[in-house]
Amino acid sequence: MRYAMAIDTKKCVGCADCVVACQTENMVPIGYCRDWIVEVTDGTYPQLEIEIRSERCNHCDNSPCVRCCPTGASHYVEGGIVKVTQHKCIGCGACIASCPYDARYSHPDGYVDKCTFCDHRIKLGEQPACVAVCPTKCMYFGDLDDPNSEVSKVLKKRKYKSLIPEAGTRPHVFYLI
Amino acid sequence: MAHKRRDFIKISSLSAAGLLFGAHQLRSARPDFNKTPFSNMRPVGSVRTSTYCEVCFWKCAGWVYKDQEGNIKKIVGNDDDTNCNGRLCPRGTGGVGMYYDQDRLKTPLIRVAGADGQQTFREASWDEALDVVAKGLAKIKQEHGAECTALLTHGSGGHYFGTLLKAFGSGNIAAPSYAQCRGPREVAFIATYGEGLNSPEPTDIRDTRCLVLIGSHLGENMHNGQVQEMSDAIDKGATIITVDPRFSTAASKSKFWLPIKPATDLALLLSWIHLIIENNWYDEEYVEKYTYGFEQLKQHVKSYTPEWAYGITTIKPDVIRETAREMANAAPSVIVHPGRHVTWYGDDTQRLRAVAILNALLGSWGRRGGFFVPEKAEVPDYPHPPFPKPARTWRDAMDGKFRLADLALANGVCEATIPSVRMDCHIKGWIVNGTNLIMTLPDKQKTLEAIKSLDLLVVVDTMPMEITGYADVVLPECTYLERWDDLRIVQGRVPNVALRMPATDPLYDTKPAYWIAKKLAGKMGLGDYFAWENFEDSLDWQLKQIGSSLDEMKRIGVKNLPREYGPLYFQDGEDKEFYTNTGKIELYSTAFAEEGFDPLPVYTPHQEPPAGYYRLNYGRAPMHTFSRTANNPNLTDLMDENVVWVNPKVAKEWGLTAGQEVYLQNQDGVVSDFPIKVRITERIRFDSVYMVHGFGHNHKQLSRAHGRGASDSQLITRVLVDPIMGGTGMRGNFVTFRFEKESEVES
Ligand code: SF4
Ligand code: SF4
Ligand code: SF4
């Protein structure tokens, strides 16, 4: 079992529905977020291109955040999901500094929070909230070890990239290009 | 009117404590998300109630989830709803913020003059406030006639207040979504096909092979079903052609982006028509069988060559040719999208006629991947006595102009309110529901002038808005999450109904619009028009007429019914009669000819920006619906101000830096109330600037929206009125930059 997400930059319109849905699903306080939108414009008028991406924790195989956590609050759970145990987290912020993707934030209640791949939903056989809400259906989630999962199929069919591969973190959120 | 209206009046007494009613007053306005355990959020086992979204007109059906304490937590789409397919847009998902917004109107308010002569509002009971309204309306009826009242509305409350006014004897019921938005499109399509497009538009985007967007920025305007289908079309490899002076999100998804010179779209359309006819790329059989006036059209477009259009639009002739061929290759699975907000230059009905004609030539109307034949559930109204015929309407104030307008014009109502020699009756009372007219209607001064002439202005809304500051009586409506409402009955591929029920009791002393209208009717002796005891009973009665029931709808939320009037598309060789004079699709409009308008669209150039000025273009952001969401805590978290998009060359000329605050000044010397930040981007042409509509609120009661960004409406003082249907063209305004505001403008 290895969970992963693929996001189609050709379809994402940057509407941020995934951001609001994550906030209401996961009680992320207003002013904070677990996922966010990046828009990159290239070229000069009228020869232009835009790439729009919904970004979040990459649930890396080789996570600097898990390695550097002094209390073991940051850890892996089944399927390669990186999680933070709230009561073990002392809020030192080492993980925030170590994450090349800036995927973590300090929750006002004193612990560090980030995307969980909505493991509370996937346990029930549901899609993560952001995937389920996206009006463009540009996100695919599933088990990479299962060749028939949506995510495996789309990664087989399409060209893709991951973010900052040179950091060596082996991210598991992929962007279809 | 006894007192003089001040330009703006603050709702001062809202801060007075101890006047809230009901159990909710003890609850903090926002639940403490962090203290609620995750398990409470599980939809499984928790209560969900049906609703349909009220954040925009698309009205997606969904489910509201609450935690164990009964706090609303989230709203998700209903899987069976064909408007949203289980996926709400960001505004619908963030609709919870409408409920939790602590700036909401909380109790009825009545305008009073204080001892110091200053006007302000005082809190009132519902009974007292409704008495003032009923007496005010009765007085207008006595002095001027019942027809001297009007309703301006946007949203679900329109039906109840419409019933009330019609029962009272007025036919002045207008929505700014017509003359300020989609009206020209409706008139153009009625002239051509004998029917309008309505909402949601019957565009078969999911099966199209070619989608042409002209200034329509799908993806930034989150017309949910259409955005979803555009994405499906991308998946299936459809060609998208986007015509826009701005590199919109849709443009970035397009095979062809035509960076057109603003205000020249009609030239491009005529040239496409020219090419499609000259090259015999049109659907001969379809044109022959269904249309009227082909020969006249052919003659008419002879001179509209791509070379001619190039000089006007700056789009190269070979690009015009290539895109025309692309459309023809895809035909009839092609959609030249009519757009929605189309009141641009005052010749909008003619531009949309060209769109309608182009679709007819390509044979896309009534064809798979073009426009499908929509159906709508037929649900009878709860029985009520017939309405009296109003003595006169706003149309009588128009000197016979705009006869082709198929709906009332909000600006027409406004005009009929301003005293003039032409009329013996001026509108003296307005009920305004769910629309912030000050920001919605162009030409704010004219709106204010109309308001000054009123004897009674009643505002029904959930939020304090600029318009509430001018009201005599403010009636706080509860949000859509706290009320029953009419069944949602919209057109679609299949007829369907959706239920909205309260997820929770109303916060504060707020009430549903149906309750307000019924109470008012009671006080006005019109109770028979609202004969139901409980509103739910009227819904149950209606549902039983179509073989469902309230109980069933509470469980399923949305019911899809079988189609009644045949297939989704025209059948091969099928005979069709269109509701036009000739019974055909009128390429040549006999109705326009009769009224003395060009029966075929003619290109006329529009004014260009003077030196140092830029055309003001405006549009939408996916997370906002104008004023309605400008203060929503969830949505302002995503975007809390607008910025002005400026091309880098222009920025260099003016020495602008990214993020710098500037004021905008228009051609008439109007300066924006607030500064706006500069976004320097290649995505905008050098001759125009762009900003998102709905920001720059000057109502201090809107704690998150006040003073954030600038208001485009304020800068739209030059209104280009469409002679055919009275639409208010708003894209003929030009702005320049100012670094300081000379004199403080009062807010
Ligand atoms: S909801 Fe979908 S389309 Fe919208 S920003 Fe997120 S990923 Fe992109
Ligand atoms: S997977 Fe869940 S937690 Fe992660 S970004 Fe999406 S909604 Fe938020
Ligand atoms: S499109 Fe969005 S705002 Fe409009 S009704 Fe649907 S969910 Fe609500």
Side-chain angles (χ1 to χ4, degrees), chain A residues 8-33 36-37 39-52 86 107-111 113 116 118-121 123-127 129-138 154, chain B residues 30-31 33-36 38-39 41-44 73-77 84-94 96-97 218-220 222 224-225 227-228 230-232 234-235 247 249-253 257 259 621-623 633-639 647-649 681-686:
Chain A
D8 192 346
T9 61
K10 299 283 180 214
K11 291 203 290 181
C12 174
V13 294
C15 69
D17 204 358
C18 45
V19 180
V20 206
C22 178
Q23 286 172 324
T24 58
E25 174 71 28
N26 295 310
M27 293 166 289
V28 176
I30 285 175
Y32 301 86
C33 58
W36 61 93
I37 310 301
E39 177 195 299
V40 189
T41 308
D42 238 353
T44 51
Y45 196 99
Q47 246 67 57
L48 289 163
E49 263 177 53
I50 312 178
E51 183 174 290
I52 307 174
Q86 283 173 19
H107 193 285
D109 279 359
Y111 55 87
D113 190 44
T116 57
C118 280
D119 65 334
H120 66 292
R121 288 174 64 100
K123 268 184 216 142
L124 299 166
E126 291 168 30
Q127 295 279 299
C130 54
V131 178
V133 83
C134 173
T136 71
K137 285 170 265 170
C138 77
V154 78
Chain B
R30 190 179 301 156
F33 282 129
N34 313 316
K35 300 245 156 63
T36 318
F38 271 88
S39 56
M41 287 293 288
R42 299 297 336 122
V44 182
K73 286 295 177 183
K74 61 176 182 182
I75 315 170
V76 299
C84 78
N85 307 302
R87 294 162 187 265
L88 298 181
C89 88
R91 298 162 300 159
T93 308
V96 285
L218 273 186
E220 284 159 286
M222 286 305 289
N224 198 345
V227 175
Q228 295 191 13
M230 177 167 84
S231 191
D232 294 343
I234 293 173
D235 254 347
F247 192 57
T249 303
S252 78
K253 312 278 180 209
W257 170 43
M623 55 292 281
N634 295 75
L635 300 177
T636 50
D637 192 28
L638 302 174
M639 175 182 185
N647 182 282
K649 286 199 195 86
T681 174
E682 291 286 353
R683 292 177 61 186
I684 183 87
R685 251 178 92 106
F686 57 87

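First the proteins, then the strands, lettered A, B, ... as listed; each starts at 1. Values below: all heavy atoms of this structure, side chains included; hydrogens, waters and symmetry mates excluded.
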Checklist outcome for this item: Smallest heavy-atom separation, B/K73 atom then A/T24 atom, equals O-CB, 3.6 Å
Next on the checklist: Need one label for A/I37: side chain, backbone, both or neither, based on atoms under 4.5 Å from any heavy atom in chain B.
Outcome noted: neither
Item to check | Closest-packed option against chain B by number of heavy-atom pairs under 4.5 Å, given A/T44, A/V19, A/L48 | outcome: A/L48
Checklist entry - Between B/P259 and A/P46, which heavy-atom pair has the shortest distance, and what is it? => result CG-CB, 3.7 Å
Next on the checklist: Counting only non-hydrogen atoms closer than 4.5 Å, does B/L88 touch chain A with its backbone (N, CA, C, O), its side chain (CB onward), both, or neither?
Outcome noted: backbone
Item to check | Taking every non-hydrogen atom, the tightest pair across B/N224 and A/P135 | outcome: OD1-CB, 4.0 Å
Checklist entry - chain B heavy atoms under 4.5 Å from A/V131: which part of the residue, side chain, backbone, both or neither? => result backbone
Checklist entry - Which pair of non-hydrogen atoms, one from B/S231 and one from A/T136, has the smallest distance, and what is that distance? => result OG-O, 2.6 Å
Next on the checklist: If I measure from the heavy atoms of chain A, does B/N85 come under 4.5 Å with its side chain, its backbone, both, or neither?
Outcome noted: neither
Checklist entry - What's the spacing between A/W36 CH2 and B/L638 CG if we round to 0.5 Å? => result 14.5 Å
Checklist entry - Can you check side chain to side chain contact (heavy atoms under 4.5 Å, CB included) on A/Q23 and B/T93, steps first, answer last? => result CA-CA 10 Å; A/Q23 286 172 324; B/T93 308; over 6 Å; no
Checklist entry - Looking at B/M230, B/E682, B/R685, which has the largest count of heavy-atom pairs under 4.5 Å with chain A? => result B/E682
Item to check | Nearest-0.5 Å distance, OH of residue A/Y32 to CG of residue B/D637 | outcome: 10.5 Å
Checklist entry - Does B/K253 use its side chain to pair, donor to acceptor, with the backbone of A/C12 at less than 3.5 Å? => result yes
Checklist entry - For A/E39, is it the side chain, the backbone, both or neither that has a heavy atom under 4.5 Å from a heavy atom of chain B? => result side chain
Next on the checklist: Does any backbone or side-chain atom of B/R91 lie under 4.5 Å from a heavy atom of chain A? Answer side chain, backbone, both or neither.
Outcome noted: neither
Checklist entry - Which atoms of B/V96 come close to chain A, meaning under 4.5 Å heavy atom to heavy atom: side chain ones, backbone ones, both, or neither? => result side chain
Next on the checklist: Let's test your reading of the structure: which of B/D235, B/D232, B/V227 forms the most heavy-atom pairs below 4.5 Å with chain A?
Outcome noted: B/D235
Checklist entry - Under the side chain to side chain contact (heavy atoms under 4.5 Å, CB included) test, which residues partner A/T116, sequence neighbours left out? => result A/R34, A/K83, A/D119
Next on the checklist: Please give me the minimum heavy-atom distance between A/I50 and B/F247, naming the atom from each residue.
Outcome noted: CG1-CE2, 3.3 Å
Item to check | Top contributor to chain B interface from A/C134, A/C138, A/G14, A/A21 [non-hydrogen pairs under 4.5 Å] | outcome: A/C134
Next on the checklist: Need one label for B/L218: side chain, backbone, both or neither, based on atoms under 4.5 Å from any heavy atom in chain A.
Outcome noted: neither
Checklist entry - chain B heavy atoms under 4.5 Å from A/A129: which part of the residue, side chain, backbone, both or neither? => result neither
Next on the checklist: Surrounding NZ of A/K10 (heavy atoms of other residues, nucleotides or ligands, distance under 6.0 Å), is the total greater than 12?
Outcome noted: no
Next on the checklist: Heavy-atom pairs under 4.5 Å with chain A - which of B/E220, B/Q228, B/R87, B/M623 has more of them than the others?
Outcome noted: B/R87
